[in-house]
Amino acid sequence: VQLQASGGGLVQPGGSLRLSCAASRFILDDYAIGWFRQAPGKEREGVSCISASDGSAYYADSVQGRFTISRDYTKTTVYLQMNSLKPEDAAVYYCAANLMRRQCQPGGLVQHEFDYWGRGTQVTVSS
């Protein structure tokens with residue numbers, strides 16, 4: 001099982017993109033879903049998470065107020081709406097499922113709890 005991220009592309013600073021993460025209904029019902037990103041030469045970092053239980057969300061400080069995570073059960077998809085993009089947001093973005101928790105943790109995303117990594121989607125922010 002893999003979660004497939006899509007929707008990346010080239011955008012100017014200040015622009016917007018919406019990423020999609022194709023999952024399945026049982027995954028959305030049972031596992032929190034996280035978005036991660038990895039820029040060249042940097043560690044992969046957790047960006048956002050949405051809980052399976054109540055849809056509550058977590059955001060990293062670096063994206064708080066600019067990114068919004070949501071889910072659509074009819075399309076079995078989790079979205080990451082990214083607004084006011086900055087050059088430092090450029091990275092490969094991945095989504096994954098937390099097989100240990102249904103609820104996102106307020107302290108952030110613990111990567112080793114996540115699985116079903118798929119191929120990421122490239123986001124480039126440049127003028």
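What you see below is based on every heavy atom in this structure, not just the backbone, and it leaves out hydrogens, waters and symmetry mates. In this chain, numbering begins with 1 at the start of the sequence shown.
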Atom CD of Glu88: over 12 foreign heavy atoms under 6.0 Å
yes

Decide yes or no for Asp89 and Arg37: does some side-chain heavy atom of the first lie under 4.5 Å from some side-chain heavy atom of the second?
yes

Rounded to the nearest 0.5 Å, the CD1 atom of Ile27 sits from the OG1 atom of Thr76 at a distance of 9.0 Å

For Arg18, enumerate each residue passing the side-chain contact (heavy atoms from CB on, under 4.5 Å) test, keeping only those at least two apart in sequence or located in another chain.
Tyr79, Gln81

Find out if a path of hydrophobic residues (ILVMFWY) with successive side-chain heavy-atom gaps under 4.5 Å connects Val123 to Tyr94.
no

Which pair of heavy atoms, one from Gly46 and one from Ala60, lies closest together, and at what distance?
O-CB, 3.6 Å

Between CD on residue Glu45 and CG on residue Leu109, distance to nearest 0.5 Å
10.0 Å

Co-membership, hydrophobic cluster, residues Val92 and Phe114, 4.5 Å side-chain:
yes

Over all heavy atoms of both residues, which pair between Ser20 and Thr77 is shortest? Give the atoms and the distance, please.
CB-CG2, 3.9 Å

Minimum heavy-atom separation for Leu28 to Ala23, with atom names?
CD2-CB, 4.1 Å

Single-linkage hydrophobic cluster Leu3~Val47, side-chain heavy atoms < 4.5 angstrom
yes

Disulfide bond (SG atoms under 2.5 Å apart) pairs touching residues 51-127, sequence neighbours excluded, are Cys21-Cys95, Cys49-Cys104

Using the rule that two of Ile, Leu, Val, Met, Phe, Trp, Tyr join whenever any of their side-chain heavy atoms come within less than 4.5 Å, decide whether Val78 and Phe67 are in one cluster.
yes

Output all residues satisfying side-chain contact (heavy atoms from CB on, under 4.5 Å) with Asp54, sequence neighbours left out; order by chain, then residue number.
Ser51, Ser56, Gln103

Do you reckon Val63 sits in the same ILVMFWY cluster as Leu80, going by side-chain contacts under 4.5 Å, direct or chained?
yes

All pairs passing side chain to side chain donor-acceptor pair (under 3.5 Å) where residues 107-123 contributes a residue, at least two apart
Arg44-Gln111, Asn98-Glu113, Arg101-Glu113

Looking at residues at least two apart in the chain, or sitting in another chain, which of them share a side-chain contact (heavy atoms from CB on, under 4.5 Å) with Ala22?
none

Output for pair (Leu19 CG, Trp35 CH2), nearest 0.5 Å, gives 4.5 Å

With a 4.5 Å cut-off on side-chain heavy atoms, are Leu10 and Ser126 touching?
yes

Which residues pass the salt bridge (Lys or Arg N to Asp or Glu O under 4.0 Å) test with Asp29, sequence neighbours left out?
Arg25

